[in-house]
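Here it is, the structure in full.
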Amino acid sequence: MDYLTRDEVREMILAVCREVQQNEQHLCQLDSYVGDGDHGSTMARGFRAVEKALGEPGHDSIDALFYCTAEALEEAMGGAIGPIFASLFEAAGDVCQGKPRFGAEELRSALQEGYDAVRDIGGAKPGDRTMLDALAPAAEAAETACGQGLTLPEAARAAAEAARQGAERTASMVAKKGRARFLGEKSLGHQDAGATSLAVVLGAVAAYCSH
Ligand code: ADP
Ligand code: MG
């Protein structure tokens, strides 16, 4: 599958919704070591709202699907993390404006623009132990994949694997942002919840693109 159509993008986002909900407990547990233990419930609540919103009529373009996702996430998740995850999907909407298909190039720019948006909104940088530590290597991997002329499934798998490894590396980072920053070195030894979420999201994207 070199490109996704609008209907396939919708199915891909719905696959992400299911995967996030399946990881609810795991994500809460990761957040409980260093945060307040709600990250999984917040993510699941957000992506349940996305499922509902995408089930309504309308969304007749790929960008509309991503904007709808962003809006549902921002509304349902709230807090600081709502706008952060929403900005990623909003960036995907921006790069897909007027595009009838979603391919490796759209994935690459969505991750790049998404990274810039999350960094600007949250003010974190790589190494602060946030979801950016998964998003930055994912964006880089997609960039490399596009430079090599790889297909959408290959680029998506490369980005997902880079996010997975990036999330793993957060286990050796001390938190500098969010609630976890108050716990300092207690954050050592466990993966960051938000970075793990990002890896879950991209894992579902890669699985959908490869099926
Ligand atoms: P809260 O911290 O309000 O309880 P969540 O538990 O849902 O929100 O989310 C926690 C996650 O948010 C962290 O694991 C981290 O990855 C992410 N995060 C926190 N602050 C930032 C930031 N400034 N930029 C990007 N991600 C962040
Ligand atoms: Mg939390």
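All ligand and atom numbering here is 1-based and tracks the order in the structure. We number each residue from 1, following the sequence as shown. These numbers come from the heavy atoms of this one structure, side chains and all, not from hydrogens, waters or symmetry mates. Given the structure is predicted, the values throughout are model-derived calculations rather than measurements.
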key: Test log, rule side-chain contact (heavy atoms from CB on, under 4.5 Å), inputs Leu132 and Lys125   = CA-CA 7 Å; Leu132 278 183; Lys125 52 187 190 313; 5.5 Å; no
request  = Check each atom of ligand 1 against the heavy atoms of Asp31 and keep those under 4.0 Å away; list them by number with element.
outcome  = 6 (O)
request  = Return the set of residues passing side chain to side chain donor-acceptor pair (under 3.5 Å) with Thr151 (not counting sequence neighbours), or none when no residue passes.
outcome  = Glu154
task = Name the orientation class of the two ring planes belonging to Phe89 and Phe66 (parallel below 30°, tilted from 30 to 60°, perpendicular beyond 60°).
result = tilted
task = Assess the side chains of Glu11 and Tyr208: does a donor N or O sit below 3.5 Å from an acceptor N or O?
result = yes
task = Answer yes or no: does an N/O atom from Gly122 fall short of 3.5 Å to an N/O atom of ligand 1?
result = yes
inquiry  = Can you name the atoms of ligand 1, numbered from 1 with element, that are less than 4.0 Å from a heavy atom of Ile84?
reply    = 21 (C), 22 (C), 24 (N), 25 (C), 26 (N), 27 (C)
ask   = Closest to the Mg ion (ligand 2), which N/O/S atom of Asp31 is it?
value = OD2
ask   = Can an N or O of Gly194 be found at a distance shorter than 3.5 Å from an N or O of ligand 1?
value = yes
inquiry  = For the metal site, I want the angle between atom OD1 of Asp38 and atom OD1 of Asp36 with the Mg ion (ligand 2) at the apex, to 10°.
reply    = 80°
message = I want to know if ligand 1 touches Met131 in the polar sense, i.e. an N/O pair below 3.5 angstrom.
response = yes
note = Filtering Asp128, Thr130, Asp192 for the heavy atom nearest atom 13 (C) of ligand 1 leaves Asp192
task = Under the side chain to side chain donor-acceptor pair (under 3.5 Å) rule, collect the residues that match up with Gln148, sequence neighbours excluded.
result = none
ask   = CD of Gln25: more than 12 outside heavy atoms within 6.0 angstrom?
value = no
note = Between Cys209 and Leu4, the two heavy atoms sitting closest are SG-CD1, 4.2 Å
query = Looking at Ala124, which atoms of ligand 1 are within less than 4.0 Å of one of its heavy atoms?
reply = 22 (C), 23 (N), 24 (N)
